Amino acid sequence: MFNKENHISICVPTFNRNRMLERLIRSLALQETEDLFSFSIVVIDNAPGGPAQKVVERLRKELGLEIAYGMEPVQTIPAARNHGLRLAHGKYIGILDDDEFAPRHWLVTLYRAIQTFEVEGALGPVNPFFEKEPPVWLVKSQFCERKIYQTGTILQWDQTRTGNVLIKREVFDQNNLWFDENYKTGGSDREFFKQAMKLGCRFVAVEEAPVYETVPPERWTKKYYLKRALVNGFNSYKNIKGQGNKFTAVIDPLKSIGALMAYALAFPIYLFVGTHMIMRVLEKGGHHMSHLLAMLGIELVKKRNF
């Protein structure tokens, strides 16, 4: 039954991940609604040539789902998200990544949380999923783990992301909020939440509504996590730029300089501990180095193709 009053549009940007996209859509087809809402899916293809279109058309027929499809030529995360918002027609907007999949209770749990806590949106955890056993150093490093917040926690902007979220559509429409397309390699999600919170919007953590992120072998390399650190370090500076006073402007670079010095001193010790600790030091050091270089306008990784 189509519940127009409480319809949810689930937006999924995708980029050359047809197999994982299919897994996600199949998991969404099994979502429980408890007759509280209806939902549809919006797939935004961010890859040249639209490789996901045939997958969407096949699953639309097979599963009987309402799936809108659009192609976004600007190959950045915020551009794809904004394209999804333009195609969505629901009273609520869900956003997932194409490498994730959701348990049956995912959507209804987020929906109930918004009503229970009387907030503008709800965010669930993202847990790693390995199709086969990954390297020991990767598991020990916890690079694939994200902090989980207790249900009911009202989140701060730096605790947010769009890998698992349900938001009232009015947050976008009434406040004319979009994802900032100047954040080409990442960080536009946190910038969105920061601006929404300034306007009084509140977002709650929901521990019982996880999704699972597939971690394929191409993300089992040391190079991947070092590049990710450089991207995140640059974008973390963009997120805080202009937010503090002069005192903050002095303290922020000092923190990164201090951290780099501490990691440099500790590095020889960690050589005897194991690969996972060596990688943790290099990853954190790369983050702070990139953060400092961002203050000088230097961006080491200008395109996120990983």
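Computed from a predicted structure; not experimentally measured.
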Quiz item: Between Y92 and F37, is the ring centre distance below 6.0 Å?
Solution: no
Quiz prompt | R104 atom CZ: more than 12 heavy-atom contacts under 6.0 Å | solution = no
Quiz item: Angle class for the Y263/H288 ring planes (parallel below 30°, perpendicular above 60°, tilted otherwise)?
Solution: tilted
Quiz item: Charged N to carboxylate O under 4.0 angstrom, E213 versus R146?
Solution: yes
Practice problem: Run the numbers on S9 and H89 for side-chain hydrogen bond (donor to acceptor under 3.5 Å, both in side chains), then give the verdict. | Solution: CA-CA 6 Å; S9 295; H89 59 81; 4.6 Å; no
Quiz item: Hydrophobic cluster mates of F101, side-chain heavy atoms under 4.5 angstrom, ILVMFWY only, any path?
Solution: F129, Y212
Quiz item: Looking only at heavy atoms, what is the nearest atom pair of A205 and Q150, with distance?
Solution: CB-O, 3.8 Å
Quiz item: Please walk me through it: do E181 and T76 pass side-chain hydrogen bond (donor to acceptor under 3.5 Å, both in side chains)?
Solution: CA-CA 8 Å; E181 297 189 20; T76 65; 5.2 Å; no
Exercise. Kindly compute the distance separating OG (S290) from CG (N235), expressed to the nearest 0.5 Å.
Key: 8.0 Å
Practice problem: Mind listing the closest non-hydrogen atom pair of Y69 and G50 along with its distance? | Solution: OH-CA, 3.3 Å
Exercise. Using a cut-off of 6.0 Å, state whether more than 12 heavy atoms not belonging to E118 lie near its atom CD.
Key: no
Exercise. First locate atom CZ of R228, then atom OG1 of T185, and finally report the distance between them rounded to the nearest 0.5 Å.
Key: 13.5 Å
Self-check item: Parallel, tilted or perpendicular, as decided by the 30° and 60° cut-offs, for the rings of F179 and F192
Solution: tilted
Practice problem: Taking ring-ring contact (aromatic ring centres under 6.0 Å, His included) as the test, write out the residues that go with Y183, two or more places apart. | Solution: none
Quiz item: Do R112 and E34 sit within salt-bridge range, that is, some charged N less than 4.0 Å from a carboxylate O?
Solution: yes
Quiz item: Who else is in the cluster with L87 when I, L, V, M, F, W and Y are joined by side-chain contacts under 4.5 Å?
Solution: V42, I44
Quiz item: Pick from N46, T214, N16, T14: which one makes a side chain to side chain donor-acceptor pair (under 3.5 Å) with D98?
Solution: T14
Exercise. Of all the heavy-atom pairs spanning G233 and S236, show the shortest one and how long it is.
Key: O-OG, 2.7 Å
Can you give me every donor-acceptor pair (side chain of residues 268-281, partner residue at least two apart or in another chain, under 3.5 Å) with its distance?
unit_1	atom_1	unit_2	atom_2	d
R280	NH1	S141	O	2.6

Practice problem: Inspect the contact between E62 and R26 and indicate whether a charged nitrogen and a carboxylate oxygen are less than 4.0 angstrom apart. | Solution: yes
Exercise. Kindly say whether V231 contributes a backbone atom to a donor-acceptor pair with the side chain of H287 at under 3.5 angstrom?
Key: no
Practice problem: Could you tell me whether the side chain of R202 reaches within less than 4.5 Å of the side chain of M197, counting heavy atoms only? | Solution: no
Quiz item: Would you call E131-R19 a salt bridge at under 4.0 Å N-O?
Solution: yes
Quiz prompt | Non-hydrogen side-chain atoms of L292 and P253 separated by less than 4.5 Å | solution = yes
Quiz item: Any side-chain heavy-atom pair from L65 and I25 closer than 4.5 angstrom?
Solution: yes
Expected list for residues 159-166: side-chain donor-acceptor pairs under 3.5 angstrom, two or more places apart:
unit_1	atom_1	unit_2	atom_2	d
Q159	OE1	Q156	N	2.8
T160	OG1	W157	O	2.6
T162	OG1	R81	NE	3.2
T162	OG1	R81	NH2	2.9
N164	OD1	W106	NE1	2.6
N164	ND2	G124	O	3.2
N164	ND2	P125	O	3.0
N164	ND2	A209	O	2.8

Quiz item: Any salt bridge between D99 and R219, counting N to O under 4.0 Å?
Solution: yes
Quiz item: Is the shortest distance from a Lys or Arg side-chain nitrogen in E100 or R23 to a carboxylate oxygen in the other one below 4.0 Å?
Solution: no
Exercise. Kindly give the cluster partners of L30, where membership spreads through any ILVMFWY side chain lying under 4.5 Å from a current member.
Key: none
Practice problem: Decide, yes or no, whether a salt bridge links K302 with E299 under the criterion of side-chain N to carboxylate O below 4.0 Å. | Solution: no
Quiz prompt | NZ (K168) with more than 12 external heavy atoms under 6.0 Å | solution = yes
